[in-house]
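Please read all numbers here as calculations on a predicted model, not as lab measurements. Residue numbering restarts at 1 for every chain, and letters A, B, ... go by the order of the sequence lines.
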Amino acid sequence: MALAEQNRGGRRGSPFLKHWVIPAGKTLVSIAATMLGLLFVTFVIGRVMPIDPVLSIVGESASKATYDAAREALGLDKPLVVQFFIYIGDVVRGDFGMSLLTAHPVSEDIKRVFPATLELATLGTLFGVVLGVPLGVIAAVKRGSWIDQVARVVALVGYSMPIFWLGLMGLLIFYGILGWVGGPGRLDIFYEDIVPARTGMILIDSALDGNWSVFRNAFSHIVLPATLLGYYSLAYISRMTRSFMLEQLSAEYITTARVKGLPERTVIWRHALGNIRVQLITVIALSYANLLEGSVLTEIIFSWPGIGQYITNALLSADMNAVLGGTVVVGLIFILLNIFSDLLYKFFDPRAK
Amino acid sequence: MSVSEPHKESWREWLMTDAPHSRGQARAAAWYHGWLTFRGNAMAMAGLIILVGLLLVAAFAPWLAPQDPFTQDLAGRLQPPGSEGHLLGTDSLGRDILSRLIYGSRITLYIVLLVALIAPGAGLLVGTIAGYAGGWIDVVLMRITDIFLAFPRLVLALAFVAALGAGIENAVLAISLTAWPPYARIARAETLTIRSSDYISAVKLQGAGPLRIIIKHIWPLCISSLIVRVTLDMAGVILAAAGLGFLGLGAQPPSPEWGAMISEGRKFILDHWWVATMPGLAIFTVSLAFNLLGDGLRDVLDPKSGDQG
Amino acid sequence: MSLLDVENLCVTFPTRRGEFQAVRGVSFTLGQERLGIVGESGSGKSMTGRAILRLIRPPGRVEADHMRLEGRELLQMSEKEMQGVRGQKISMVMQDPKFSLNPVMKIGEQIIEIYRFHTGAGRKAAWAKAVEMLEAVSIRDQERVMRAYPHEMSGGMGQRIMIAMMLVTEPKILIADEPTSALDVSVQTQVLQIMDRLVRERGMGLIFISHDLNLVASFCDRVLIMYAGRIVETCEADKLHEAQHPYTRGLLNSLPRLDEPSERLDVLTRDPAWMEETSVSGRV
Amino acid sequence: MSSLEFENLNVWFGDGPDRVDAVTGATFDVESGTSFGLVGESGSGKSTILRALVGLARNWSGRMTVGGLELRGYKRPRAFYRDVQMVFQDPYASLHPRQTVDAVLGETLKLHGFSDIDRRIKTLLDDVGLGPEFRFRYPHQISGGQRQRVAIARALAPEPSVLLLDEPTSALDVSVQAEVLNLLVDLRKERSLTYLMVSHDLAVVGHMCERVAVMQDGEIVELLGVAEMRAMEVKHPYTRHLLEASVGYNPREA
Amino acid sequence: ETPPNMLVIANRIDDITTLDPAESFEFAGSDVSRNVYGKLVNFDPMNLDGGYIPDLAESWTVSEDGRTITFKMRPDVKFHSGNPVTAMDAEYSLRRAVILNKTPSFILTQFGFTADNVGETIVAPDDMTLSITTDKRYATSFVLNCLTATIGGIVDSKLVMENEQDGDMGNTWLKTNTAGSGAYKVASWKPNESVTLVSNPDFYLGAPAMERVIVRHVQESASQRLLLERGDVDLARNLNPEDVKGITGKEGIEVDSELRGRLMYVSVNQKHPELSKPEVKTAIKYLIDYKGMQDSFLNGQYTIHQNFLPRTFLGAIDDAPYSLNVEKAKELLAAAGVSDLKITAGVREAQERLEIAQSLQNTLAQAGITLELTVGTGKQILSKYRARELDMYIGAWGPDYPDPHTNAGTFAYNPDNSDEAGATGLLAWRNAWDTGGLTEKVAAAVVENDRDARKAMYEEIQREFLETSPFAVMFQKIEQTGRNAKVQNLNLGGATTAVSYWPVTK
Ligand SMILES: Nc1ncnc2c1ncn2[C@@H]1O[C@H](COP(=O)(O)OP(=O)(O)OP(=O)(O)O)[C@@H](O)[C@H]1O
Ligand SMILES: Nc1ncnc2c1ncn2[C@@H]1O[C@H](COP(=O)(O)OP(=O)(O)OP(=O)(O)O)[C@@H](O)[C@H]1O
Ligand SMILES: [Mg+2]
Ligand SMILES: [Mg+2]
């Protein structure tokens, strides 16, 4: 009873604490937990794989002594738990070990390949959003009309035609026949190594450097793969936008907006779309994260040295350090994007506060 | 109640009734109403017809296929569509693409059905438990979901197969195991809205346990949004199965699995476009059908949309 | 001349079992008065209100011999012209403020939006006008409310905001669809007072939709009683308790009363013949 | 046959800075076989009291007894639910959209361990005045009043002695309201039930109940008999305000 | 359009895992090495058939007992760093390769060099002289052929030592850096992306015409083709037959076909009771549609070749007695009393192999043998093969160094056929084939110093191999390269060595 009395009057804690510090703390703990889980699963996968990391290093013909020495050097003779902690320690220091495939430290490799993917995925997502959202909105507004059906077919082609088909066809037409875009690779040979790599994203690096001819060339190379990736996210984003919009359009506040005499344009783009911002952000973040995971086939076809290709190559050649390093980085990006979209959610949806 | 009563009415009336006389009739009537809604949607019907067609093709493959899907003819390889005896052309070993597509529908259906059962099933289980239980169970389950979601799909699939061994069943399992997290999220979101509703409270007041509530009361309502999502994901599943092929997990040659056929055709795409395009079109048609069906089902299954329109 | 003149209004929805007529040949006029529409749920009250603003979503259809706003035919207006009518000449307060306000727009924004659209006023002027309107519906602390989101408001405040928003353009006609059913009695009184004042002071026409017979009887000037899409009876509001039609009587008798306790309440028994009766005209 | 006692009941939601105290210090009791009304404005905590009693609101302090038996925590034994049942406000929301009437009642009966389920369903439907033709319908196939009857039948299924009614007719038309109220009155008479009924409509409470508690902002501001209410013999200004408003619109009121 | 002083190549270079000549063992890596590191002896790109010629060693002499070869170094040759190339560097490089004991080290250690004895067996008494002593007498040609392999590359010992870490003899550093004296040095290597070589103006044979050579990783044949057609690369090295057909006859593009050393073969595990029957082995050789495959999906890229020495190797023979003959195979199977044979074959996921496998599946089925395929990544399938777990293996083999022993020593040599021997490097062992006496013949051939006699010995081994072995060698690789017509004098290295860029002109 006394307790109840006390609580009734009690508005304990400052609003700052309530709105920012506590949620931030919770978020951090949850990131940490997810990361730890991610590391644990990667670690387990690394051990489960029927691939001997020692053999990969010392080679087939190594003697028993060499083998044992290498094994010891890798810490593989220690108990699993200890190995796990060593692994975590290494990862925290950004040390994923050496890649067998490239003979470079994995962290260095990732620093090299990730910006390529980041650049591609970002542009692709931009494309997907810029076209996908309006397409979804229009399809919802004109539900059942031919435009809705066309939007559906467009989206489904994106879903069901494998990217290498679209990619190679695109290359053939726009590069091979028409010559409108650059070919495979990130740059033409003569533009290579001209601008210093600051971010690793050539578009940004060249812009920072003010070297617009490199920028143009890089753009001509990225535009096709980015469009293709964008097509995939467009497919997803437009379908999701459509279904969110359908829900909103039957809401009562939309009728209110119409009662107010607002033009249909305003009703749809301002009122209805405003209400799906939050859901859209989540969807976009998810599709962005998926693109960041790297579309292996796109990267292969366009000779794009990105992380998807890197991880897959490593996987095929049993380069476990590289696989695990790549996985941890991709996972981290994923988790961060998730959190980012949560934060935006708080920011955009007044009800979430 | 007289047993013979229904016979006096026509079947249609019997199904359309607002006052069913038995559980069976009520269920049949509910299905029939759904069917009517569905039938009113031309697009959804188109989807259904395609899928029924696919089922028939799969069932009668040996009778429908003009040729043996495995017979090679190295002299007659890479024939364009419409050439003598090969409506859709031949592949690099001179096999008839149409026949391979027809036989491949069996494998495709098999993969699709298996994944469609496992992945949403697992997602439903995890999502509803997390959503209903709340608290730390929710936190733990959703963290796990996040971890799986954050994992590059291929790596995860390979790890599973490393543990399970290769084979098409395991490939399907691997795909399912990488595909469940989004379903779990959907199911959880749905559960969160359902769990505080009055009808759940009402069941609680009868002393029903959490398990019963989840299975009997929450699942039936989550399933509709899952089905819609699953039908959207179908093309992705078919392609993912093909993608696992190059890790040695997918269908093994000479199996005419559609995704594998596309991969095989990749080499010839610039000069012999049909080798990859034909199976691509098949996948496109089927996923379009699933998608149209999904949209129709959404209308039928969504209790909120009720009897409108 | 009356503000609104509706003749033989029909609202039709195609359904799987054929056409469904939600409103069947309703005729009435509205002057500078409080016109109540009562009837049981599903009798077509809301559809009548929405049909006037041509807000029935396809595939629903609105038909009428005529539907004139100060002599101008509403049915023949283009969508563009209708936009000028909606909000400007005729406004409508929707049933539930919880769902009728845009949840992610600030209240100020929502009020300013309608005002600026119809008057082309500047932001500052619109803001001042909005604050003034909020004050008019007796909301204190208007500046704070302007910056708040709908979910931060109580139901009563939301309803009053809705009214302020719909009145900011000083429309000729206000359609209020069960504006008080979600409210506590105390707030209800305030809301009614606001509307009452507008009719009396500004000469606005008010269509007041409700299923609360006592309320309509005490608040309105004239009442239309609807059943199954038709008007079965019309009368002066203060004479509602003397209404003749068995349907109206049934509704009245089924109300529990504090002043006249009874063991059992009378239950309305519907006569199929009521369905067939032609609609009574509510024109004056 | 049980009586209900509430003593200094506090119910709250949330924790720490988010805490909302929905009910504070509510004290009243309901004699067995009588009908008790709770009125008050929206959000005043009426429903919360009922929900705390049946264990749907978990955080509470004070004392609640049913038939002399003191309640603890939020878990209730199945026997409790045989004794105390609840009817919810919105009959649409309280019926599972995918279950037929038969399934709803059948499940309830099964949960309470009855064996002759078929027969009981028939009797229950009969009791609430629904014909056998309703038995296999889905909620969307029946009207609001009929839905509420189903909800009442479900509450009656375990043969409880106490019915908690949370605005059982506020979502219904006046004409339908009369039917449901009549049904409730009849049932109480037949089965000597105890009612604890929430409503914001004084006329309804006046019609149904012997005693009334008026709530405002989580607290009970006045307890009075229905006769006093009719005679307008009330002390608290809020109660008076409620009474006056219930008669209709009075333009001169401030 | 590519600049006139630059050679741009599209190639798959994802197999480069190291640039260290003591470690590098893959195709793309050899391509780099050959242009970066000088060797004691080397092949002349313009005259491969002429065999090894002096490179950093000007001349050599062989001792009486045939065990010691003494090289005289070429004077005035400099490393890229400016350090002179001396016998000390050669000594260091060869010792280093032996001591590091990386995968390709067997090429040297098969001569009896060990980490313990290199102090005595590989010695440079002065700056201009290097002598190496093998454990017994070998054909000199064999030893010198082996020194032309990548592992024979001479590194800049001073520079390497400066970059030594934890006694790794500069291995870590050399993985990603180069210290050679060849025509080019590596300017940058971005794994899976590109290798850029810049010319060495002081190259002792004269500064190369191409100042830069850029090898770009382009995985897809179609992409390579488009790049070539647009003139964005000068050379496309991984075109598949369809794409080759597509560019043939195109203006300004030429297609080169060059015979390479790689063989495509099928082998059957001799642990299998049925597959070890001689009739069955022969039957399988008759159940392969050599011609059908050569003329269809392998068109232009593989040529029928049925023995383990690739054409152009010393002692290679051209006999191809087998062709698809289902009737004969059936007879043989019937004679062996084999029916309803069901076997599984491992094949790695690579287009041409899958096609070969499926064709095989088809023809075997005609004789009633059911072939099940297990497809997997290279690593997966290889590890099963090495563990002797596969009934049948469909795969490829490339010679490690340009001497007949490289293949003879693996296809037809298996001193200990027991599981315990674990001789995973020997194909004969992987298939559990005890070689029926070929092992001894191979051992004899490798020490025969008379070139003609040696040649005859290999021919004899191969004739027997063709009859008795569980291997059905099917094809030899032809590398088809799409080349911009402007590019001249490019040599890919044939069956014996790797590509040479320095003679190239445009
Ligand atoms: N989109 C629609 N399709 C078919 N019928 C509809 C549609 N919208 C409304 N109706 C029907 O129109 C009739 C009139 O509805 P309306 O909303 O006007 O009733 P109401 O008198 O306002 O009832 P309430 O008091 O419950 O609000 C109802 O029977 C309703 O079912
Ligand atoms: N789950 C919950 N979490 C937080 N607060 C709640 C919750 N349920 C109810 N409340 C709050 O408790 C208070 C009392 O709610 P309650 O539902 O008991 O009111 P009521 O008197 O039944 O109102 P109404 O007439 O609108 O049904 C309200 O302020 C409400 O916002
Ligand atoms: Mg209404
Ligand atoms: Mg309540």
Side-chain angles (χ1 to χ4, degrees), chain B residues 67-80 90-96 100 154-155 157-159 161-162 165-168 170-171 241-257 259-276, chain E residues 219-226 229 238-248 289-299 301 324 344-363 365-366 371-384 394:
Chain B
Q67 317 210 342
D68 184 281
F70 304 112
T71 304
Q72 300 175 3
D73 172 17
L74 290 179
R77 64 195 291 268
L78 299 173
Q79 298 286 314
T90 59
D91 69 4
S92 74
L93 291 171
R95 296 172 293 203
D96 183 47
R100 286 177 71 71
L154 213 54
V155 178
L158 189 72
V161 169
I168 189 150
N170 287 341
L244 284 182
F246 77 95
L247 291 177
L249 303 172
Q252 306 286 323
S255 133
E257 198 262 314
M261 285 173 71
I262 298 192
S263 304
E264 278 171 31
R266 167 164 156 198
K267 200 172 130 182
F268 316 107
I269 201 156
L270 295 186
D271 300 296
H272 311 282
W273 54 270
W274 58 90
V275 184
Chain E
Q219 180 76 27
E220 286 291 288
S221 159
S223 303
Q224 291 198 1
R225 170 178 163 190
L226 289 172
E229 285 179 352
N238 312 94
L239 298 177
N240 64 36
E242 276 64 34
D243 285 324
V244 168
K245 216 186 276 165
I247 56 165
T248 310
D289 189 2
Y290 304 89
K291 186 135 176 46
M293 289 193 267
Q294 175 187 258
D295 295 344
S296 59
F297 52 83
L298 298 179
N299 192 9
Q301 308 227 314
L324 180 65
T344 50
V347 57
R348 61 183 269 208
E349 156 72 40
Q351 183 81 28
E352 63 210 13
R353 296 189 195 191
L354 280 180
E355 282 170 336
I356 292 172
Q358 291 184 62
S359 169
L360 211 60
Q361 203 173 31
N362 191 36
T363 44
Q366 292 174 25
L371 184 65
E372 261 175 42
L373 299 179
T374 317
V375 183
T377 63
K379 292 262 174 187
Q380 286 170 354
I381 297 300
L382 260 181
S383 60
K384 280 195 184 153
I394 302 165

Would you mind checking which part of [X] comes under 4.5 Å of any heavy atom in chain B, side chain (CB onward), backbone (N, CA, C, O), both or neither?
{"X": "E:Glu220", "answer": "side chain"}
{"X": "E:Leu226", "answer": "side chain"}
{"X": "E:Thr374", "answer": "backbone"}
{"X": "E:Asp289", "answer": "side chain"}
{"X": "E:Leu354", "answer": "side chain"}
{"X": "E:Gln358", "answer": "both"}

Can you tell me how far apart CG (E:Asn240) and CZ (B:Phe268) are? Round to the nearest 0.5 Å. 7.0 Å

To the nearest 0.5 Å, tell me how far E:Glu242 CD sits from B:Arg77 CZ.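 Here the rounded value is 5.0 Å.
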
Ranking E:Asn362, E:Asp295, E:Val347 by heavy-atom pairs under 4.5 Å to chain B gives rank one to E:Asn362

Side chains of B:Leu93 and E:Phe297: closer than 4.5 Å at any heavy-atom pair?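 Yes, side chains in contact.
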
Who passes side-chain hydrogen bond (donor to acceptor under 3.5 Å, both in side chains) against E:Glu229, sequence neighbours left out? E:Arg225, E:Lys250

Residues in side-chain hydrogen bond (donor to acceptor under 3.5 Å, both in side chains) contact with E:Ser359, at least two apart in sequence or another chain: none

